[in-house]
Engineer: 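Dumping the structure here so I can ask a few things about it.
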Number of protein chains: 2
Amino acid sequence: MARTAGSSGPRTEEAIRSAGLALIATHGYAAMSLRQLAAEVGIQQGSLYNYFRNKQEFLFDLIRTHMQDLHAALDAALAPEGGDPVERLTRFVEFHVAYHVERPQQVFICYSELRSLEPDNLAAVVAMRRDYERKLSDILDAGRAAGVFRLDDVRMATLAILAMLSGICTWYKPGGRLAKDAVREIFLGMVLALARGEVPAEAVEAAPPPALSRRNGVARAGAA
Amino acid sequence: MARTAGSSGPRTEEAIRSAGLALIATHGYAAMSLRQLAAEVGIQQGSLYNYFRNKQEFLFDLIRTHMQDLHAALDAALAPEGGDPVERLTRFVEFHVAYHVERPQQVFICYSELRSLEPDNLAAVVAMRRDYERKLSDILDAGRAAGVFRLDDVRMATLAILAMLSGICTWYKPGGRLAKDAVREIFLGMVLALARGEVPAEAVEAAPPPALSRRNGVARAGAA
DNA sequence: CCCGGAAAAAAACAGTCGATCGTATTTTGC
DNA sequence: GCAAAATACGATCGACTGTTTTTTTCCGGG
């Protein structure tokens, strides 16, 4: 036998990428064998080499493509240049959460498999990530300058917010207790609270806060 | 040749654990070969089997030991049962950050190599993690009941805080821009701000909803 | 209808993997 | 100083790894 009836290059390529994402997310890059991947796609292992030059290139391509998509999508979400820092942070968080919640596997790989990238490939991905982080840092900087955010250290806040948001894709499963929108709004509330930072580090010893009114729901988000 | 002059069981065991931690943290469990590990320790790879029955048992033992240490240390840090929720949360955060900052590699493995554990071992570790999370959740619950914390969803806040704090060990390096104490206090401030949650409703409404639909309320009702 | 290139099979390659085993030597307890 | 236990070597196993090459078949455009 040789070429299978009904075979199509683009279709096979998509199947390989899809199966590869799932396998790497589940077992990790090193633990995924090309024989496993080929079996999942329904082809022989040697045939994979019609679609990439080696295993490392396959991983890098998956990650690079995803990072590019992420950047493009973020730019689109932040496209209206205007807006005060609170609004821009809101857009950032809502975008980031929505994007992660819809692609838990893909995003997870980009954080967990950096160790599996060879030096040059790693450098390229890290640079893209720095750009992404910078976009958040810029918003936080602007907010601090405008006096709406109180942050002791913008760099740390950037890392904290991204870690907290990206953590979502380690536990979120469709059909869970909370819908995507609910997750998004709850995390938005927490990020905004963090950014407004009513409690600077020095105030740790201070007395408990004043009385507060009871609310339910994060953002009643009314259409008003 | 056979037994090496000056060889000592306990000493070798410690060297294996130490080298294993470093190798797994750097390259991952699947990517670490026992020949690599043995070379690092300075013995032949067959000799490793005097110290564990197989590779999986070695990984599990590393993780289980660290989880047990973590629990014991946390219990000690929270030992004085009293204290208001703010004080207890402060103790929790300061402990957690200090512990992570001092053992970045070890702690990192416990988060990143869960996928490499066989089902039974994974279940044991997940149970320990649940216990750890519960201790934070209890503090947040108490704080919400007392009215000092405003949190829409304690479970999500627990995950958010842990993700944010545990993220530290992915970037913290001794000798960096900030000292351990500085990192600890900055993150404490952010967590307290997040927990006290001054914000959401007004902030969200303040930002005019430009692109995305921010409509519909937050929670789709508990719905199992 | 037919042909060139695309797509996959099939077989093989040289290494490496985790794991086992018998053996030799050293350490330790008495 | 001696026997028993501990420790490590060194060779080896079969299975599996990523990758290459050759061959066969199918698809699409003329």
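Just so we're on the same page: letters track the sequence lines, and every chain starts at 1.
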Engineer: Could you tell me whether the phosphate oxygens of C/dA7, OP1 or OP2, come under 4.0 Å of any side-chain nitrogen or oxygen in A/T12?
Structural biologist: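 Result: no.
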
Engineer: Taking A/Q36 for the side chain and A/S33 for the main chain, is one N or O donor matched with an acceptor at less than 3.5 Å?
Structural biologist: yes

Engineer: Side chain of B/I43: nearest nucleotide among C/dA7, D/dC9, D/dT12?
Structural biologist: D/dC9

Engineer: Does the side chain of A/T158 come under 3.5 Å of the side chain of A/R134 through a donor N or O and an acceptor N or O?
Structural biologist: no

Engineer: As a test of reading the structure: which of D/dA8, C/dA7, D/dG18 is closest to the side chain of B/S47, going by heavy atoms?
Structural biologist: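 Nearest nucleotide to the side chain: D/dA8.
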
Engineer: In whole angstrom, what separates B/L37's CG from D/dA8's P?
Structural biologist: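 My rounded result for the distance is 13 Å.
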
Engineer: Rounded to whole angstrom units, what separation is found between the OH atom of A/Y49 and the P atom of D/dT22?
Structural biologist: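 So the two atoms are 17 Å apart, to the nearest Å.
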
Engineer: Check the distance between D/dC9's C1' and B/R35's CZ and give it to me in whole angstrom.
Structural biologist: 14 Å

Engineer: Write down the distance between CD1 (B/I16) and C1' (D/dA6), rounded to a whole number of angstrom.
Structural biologist: 14 Å

Engineer: Identify, between B/G42 and A/Q36, the residue whose nearest nucleotide on DNA chain D lies closer to the 5' end.
Structural biologist: B/G42

Engineer: Can you tell me if B/R88 uses its side chain to pair, donor with acceptor, with the backbone of B/E81 under 3.5 Å?
Structural biologist: yes

Engineer: To the nearest angstrom, how far is A/F58 atom CZ from D/dG18 atom C1'?
Structural biologist: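 One finds 14 Å between C1' of D/dG18 and CZ of A/F58, rounded.
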
Engineer: In whole angstroms, how far is the C1' atom of C/dT20 from the CD atom of B/Q44?
Structural biologist: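 In whole Å, C/dT20 C1' lies 15 Å from B/Q44 CD.
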
Engineer: I'd like to know whether the aromatic ring centres of B/Y49 and B/F52 sit less than 6.0 Å apart in this structure.
Structural biologist: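 Aromatic pair counts; centres sit under 6.0 Å.
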
Engineer: Among the nucleotides C/dA9, D/dG18, C/dG18, which one has an atom lying closest to any side-chain atom of A/S33?
Structural biologist: D/dG18

Engineer: Taking N and O atoms by type only, does the side chain of A/N50 place a donor or acceptor under 3.5 Å from a partner on the base of C/dA8?
Structural biologist: yes

Engineer: To the nearest Å, give me how far apart CD (A/Q45) and C1' (C/dA10) are.
Structural biologist: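 Those two atoms, CD and C1', are 10 Å apart.
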
Engineer: What nucleotide, of C/dA8, D/dG18, C/dG18, holds the atom closest to the side chain of A/K55?
Structural biologist: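 For A/K55, the side-chain atoms sit closest to D/dG18.
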
Engineer: Rounded to whole angstroms, how far apart are CG on A/L34 and P on C/dA11?
Structural biologist: 19 Å

Engineer: Taking C-beta and beyond as the side chain, do A/L89 and A/F149 meet within less than 4.5 Å on heavy atoms?
Structural biologist: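 A/L89 reaches A/F149 side chain to side chain.
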
